[in-house]
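These numbers were taken from a predicted model, which means no experiment stands behind them. Per chain, numbering begins at 1; letters A, B, ... match sequence-line order.
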Amino acid sequence: MTAFDLLSEPIRKYIRDQRWESLRKIQEASIPRILQTENNYVIISKTASGKTEAAFLPILSKVNFKERGVKVLYISPLIALINDQFVRVEKLCEYLDIKVTKWHGEASKAQKDHLIKNPEGIVLITPESLEAMFVNRPYNIHHLFSKLDYIVIDEIHSFLGSERGVHLKSLLSRLQQANENRFKVVALSATVSDVNEYAELKDYLGNSEDTKIIRDNTPKPINVIFKYFPGPVTELPLDLLKDLYVRTHDSKVLVFPNARGRVEEVAVKLKMISERVGGHKNYFSHHSSVDKEVREYVEFFAKNASLQNFCISCTSTLELGIDIGNVDEVVQIDATNSIASLIQRVGRSGRREDKSSNLCLYSTDKWSLLQSIACWLLYTEKYIEPIQVTEKPYDVLLHQILSIVKGSSGLYLVELLDKIAKNPTFSNITEIEVKDIINHLNQIDFLEKLGNEYIIGVEGEKVVNNKDFYSLFHTPTFFKVSSNGVKIGELPLTPQVREDENVYLSAKIWKIKYIDFESKKIEVIPAKDGRKPLFLGDAADTAHLIREKMLEILFSKEVYDFLDQVGQLVLQYFRVELSVFKVTNVKKQRPLLNSNDNIFFYSFAGSQINKTICLLFEEIGIDYRYDESCSIFQFKHSELDLLEKIKATKLNDDQINQILYKHLERNPSMINFSKWGAYLPLRFQAEILKNKLYNFDECFTFLNKIDYVFNEHDVD
DNA sequence: GACCTGCTGCGGCCTG
C-alpha cells in the first residue's frame, strides 16, 4: 500500500481536490510511521517542504475525534504562525468536520468560550497561553486537555536550548500528568543538523525510547555571492547600498542587517535611492519595534504581491515560518551570529520545489567577512552550533513552583514535592535543593504557609497576578511612537530621543515633536532627513565552533571561488597579516601579538569562554580591553606572566562560587538576564551564571589545551 | 553598535 492509500477517505479527497501531483518525500515517510506506530516523531525537513501536512495528514486520519475533549494540541512559538497555520489546518479539517480553535492572547474570547462549552477537535496555542491556563483556570486544563492523543510542536528548534524551551518542556510534563493516557508528540523543525543532537531532542520530548527521527536530507541548490564594501559601524557605505539597490530593484527581497537601527537605515536609504531613479516604492522595515499592525500589513503585502516587487529589511522577526510567500533573494549584511540563523534565512528564498535559493552576503569589515565565510563553510559541511543544555534550570523551577501553587487552592509540601519529582524537566535538581528554594520563597513572602498548606504570599501575589508572569523572558518598556493618532512603532529612551530630533522608524523619516515622559509616548511628524534609531541591547553569543573555523580559514591556503575579487584580496591580506604567527594546529594554538607595550590575545573562542576569561582577568586585577566582534583581548606587556598564571589556575567549584557571590553582591543586576533567577537564593543565582552567562568547564579546558604562538618579528 | 518571542481579568466605554 502506498502512503496515500493508508490515509482516510476524506483526507484523500482533500489531496485530490488540491490537485497535488504527488505527496512530498517527507510526507511519504511520515504517513505510514505515524499511522502505524505509537511513537513520538521529530520531522526534520526544509522550510516549505510540507512539514505541517506531514504531521496533520496522518494524525487526522488516525485520531478518533468523536470522543469529547480536545484531541490534538498544536503548540507554536509565534501568534503569527498560529494564525497562518489555522487557515491551512481549518481548510483541511473542513473535509472531516473537525473544529479548529485558536487560543492565544489575541484570539477571540467568544471562540474560547465556545470551546469550553464544547471541548473538541484541534487547538492551536502558545506556551504562554497554556501557562496562563494552568495558573488561572487549572480546571480548564483538565476539562479541555485530558483526552489528548497528539501534541504537535512547530519550529521546535526555536525552543531548544532556551529558557522558553525548558518552560515548554515542563508544561508538556504537566499536561501529561493531567492525561490518563500517554499522548504522542510530533515535533517539526527545519534546523536540526548534527546527529549528536538527536539525543537532546528525544530527551526533550520526554520519551527517548519511543521517539524517532524522520528527516529529508535532499539538498537544495543555493547560489551564494559574497560582496565586500568596507565602512564604519556607524553608517553603511553608500557603495554597498547602491550595489544592493541595483541587485534587488527588480525582485522580491529580504535583507537581514542584524540590528534594528541598521534595518531602518537600509529601508529608508534604499527607498530614497529608488525614489530618485523612479523605482518601486515597496520598501519596508520589519522588526520588534515596528508597530504590530504595520508589520501585519507588510506581511500581507508580501504574501499577496504576486506582480509587484518588494524589499523588506528585517531582523529575525522574519526568520521563522511565517508565510510571506515566495522571495527571490535573501541578503545578509555582515555575518549571522549562528549557523542556525543562516539556515533559517536562506530557507526564506526559493521556497518552490523547483527553485534554488539565492543568497548574497555583504561584509563591511574583514572580521565580519571572516565570520561570514566561517558560517557559510560550516553550513555547507552541515554543522550547527550545539544546543545548550541546562542541567539544573533553577529559575524555571522557581517559576513553575509559583505556577503550581497558584493553580491549586493550597498544597501540602509533599504534594508540591511530588509534582516536581514527577516532572523530568527538573530531574537533575535534588529534593534538598527544591526544599531550599521553597523555603526561600517562603522567606521573601512569595509563598506563605497556611496551616500545613502552601499558598501564594503577599509579595508573590503581586508577581503571579501580573500579566508578565506567563513568560520566561524579559521585554523592556519602550516609548510608543505615533503621528496624529497613527501608531508607528516604539523607541527606547536614548539620548538621541529629544524634541526636534529626526529619526527613522517603520521605513519612514520623522521629526520628534513631543515626548510625554509620564505616559511614555512620543508624537512625531513626517520629515525629510534624519538618523537611524539607536536601540539598547547586547550582542548575541557567537559559538566556539564558528570562532575556531575563522582561525582555520586564516591559516588555510584554500581559495574560495565564491568570494568577489575584493573579498579574495581582503582575505589574502588578512592571511598575510596573521602569517607572523606560525599556527600549525588551529585546535591547540592561539596567536599572541607582542606590539610595543601591549599584548593582543586572539582567543578565537566562543563568547561564553571569552566572558569567563574576562571575569578571571577582573578577579586577578588585570587591566584589559576586550572586543567581542573579533574576540581579541588587549593588555599591558607587563601583565604577560598573568596570562600563564590564569592558564595554570584550576579554580575549584567553591572558589568559583566565592568569586560569583562577590560579583553578585557588588552588582545584583548581573542575574537580570534570567527573569526569575533574581528571586533565587544567592547560591542558585551563582549556578545560573555559571551555566548560562559563563562556562568555567569549557574555559579551563580551552585554556589548558592551548599554546600561545607569538609573532616571529616585530609589528608596529 | 548589538535579535526575538507572549499576556489574564476586570472595569469602563461604545454600539446595536
Side-chain angles (χ1 to χ4, degrees), chain A residues 75-83 102-107 109 112-113 125-138 140 154-155 157-165 167-168 171 231-236 256-265 285-290 292 295 313-322 332-338 340-342 344-345 364-365 367-368 371 399 403 406-407 461 463-477 492 494 496 531-542 607 627-630 673 675:
Chain A
I75 302 175
S76 150
L78 301 176
I79 288 178
L81 198 54
I82 289 184
N83 295 342
K102 284 187 273 190
W103 191 295
H104 56 64
E106 292 166 15
K109 178 86 167 52
K112 292 177 185 172
D113 290 344
I125 203 165
T126 60
E128 287 73 20
S129 280
L130 200 50
E131 173 66 58
M133 198 184 287
F134 269 109
V135 171
N136 298 313
R137 298 274 189 269
N140 275 348
D154 210 346
E155 306 274 8
H157 59 274
S158 77
F159 291 112
L160 295 174
S162 75
E163 300 218 303
R164 198 179 185 201
H167 182 203
L168 177 58
L171 294 175
V233 230
T234 45
E235 209 175 351
L236 283 167
F256 290 93
N258 285 351
R260 285 169 285 179
R262 262 198 173 177
V263 163
E264 294 295 345
E265 188 187 0
S285 75
H286 193 288
H287 55 79
S288 65
S289 295
V290 171
K292 197 176 169 74
R295 281 158 69 179
S313 179
C314 56
T315 58
S316 48
T317 46
L318 285 184
E319 215 174 82
L320 292 182
I322 305 168
Q332 175 67 42
I333 299 179
D334 286 329
T336 54
N337 276 303
S338 73
S341 211
L342 183 63
Q344 291 287 138
R345 292 174 187 187
T364 61
D365 75 61
W367 287 100
S368 162
Q371 188 168 325
H399 177 262
S403 165
K406 170 72 184 176
E461 285 289 347
V463 163
V464 169
N465 292 330
N466 191 309
K467 66 176 162 60
D468 210 29
F469 179 72
Y470 313 111
S471 73
L472 268 282
F473 48 86
H474 274 300
T475 28
T477 37
T494 57
Q496 178 198 29
R531 290 195 295 165
K532 67 174 179 185
L534 302 170
F535 289 93
L536 316 158
D538 294 319
D541 280 356
T542 304
S607 306
D627 187 344
E628 163 71 15
S629 66
C630 47
F673 67 91
K675 184 163 157 186

Using a cut-off of under 3.5 Å, enumerate the N/O to N/O pairs linking the protein to nucleotides 6-8 of chain B.
residue : atom : partner   : partner atom : Å
dG6(B)  : OP1  : Ile79(A)  : N            : 2.8
dG6(B)  : O4'  : Glu128(A) : OE1          : 3.4
dG6(B)  : O3'  : Thr126(A) : OG1          : 3.2
dG6(B)  : O6   : Thr475(A) : OG1          : 2.1
dG6(B)  : N2   : Asp468(A) : OD1          : 3.1
dG6(B)  : N2   : Ser471(A) : OG           : 3.3
dC7(B)  : OP1  : Gly105(A) : N            : 3.0
dC7(B)  : OP1  : Thr126(A) : OG1          : 2.6
dC7(B)  : OP1  : Ser129(A) : OG           : 2.3
dC7(B)  : OP2  : Gly105(A) : N            : 3.1
dC7(B)  : O2   : Lys467(A) : O            : 2.4
dT8(B)  : O4'  : Tyr470(A) : OH           : 3.0
dT8(B)  : O3'  : Asn136(A) : ND2          : 3.2

Could you go over nucleotides 13-15 of chain B and give all protein N or O partners under 3.5 Å, atom names and distances?
none

Dump the pairs, protein N or O against N or O of nucleotides 1-3 of chain B, anything under 3.5 Å, distances to one decimal.
residue : atom : partner   : partner atom : Å
dA2(B)  : OP2  : Phe535(A) : O            : 3.2
dC3(B)  : OP2  : Arg260(A) : NH2          : 3.3
dC3(B)  : O2   : Ser316(A) : OG           : 3.4

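For Asp154(A), there are no salt bridge (charged side-chain N to carboxylate O under 4.0 Å, His left out) partners at least two apart in sequence or on another chain. By the side chain to side chain contact (heavy atoms under 4.5 Å, CB included) test, Ser316(A) is found to be paired with Glu319(A), Arg345(A), residues two or more places apart in sequence or in another chain being considered. In this view, Glu128(A) and Arg164(A) satisfy the salt bridge (charged side-chain N to carboxylate O under 4.0 Å, His left out) rule, not counting sequence neighbours. With sequence neighbours left out, the salt bridge (charged side-chain N to carboxylate O under 4.0 Å, His left out) criterion links Arg295(A) to no other residue. Every side chain to side chain contact (heavy atoms under 4.5 Å, CB included) that Asn466(A) has, sequence neighbours left out, goes to Asp468(A). Listed by chain and residue number, Lys611(A) satisfy the salt bridge (charged side-chain N to carboxylate O under 4.0 Å, His left out) test with Asp541(A) (two or more places apart in sequence, or in another chain). Not counting sequence neighbours, the partners of His399(A) by the ring-ring contact (aromatic ring centres under 6.0 Å, His included) test are His167(A), Phe469(A), Trp676(A). For Ser285(A), the side chain to side chain donor-acceptor pair (under 3.5 Å) criterion is met by Glu264(A), not counting sequence neighbours. Under the side chain to side chain donor-acceptor pair (under 3.5 Å) criterion, Glu628(A) pairs with Arg547(A), Ser607(A), Tyr626(A), sequence neighbours left out.
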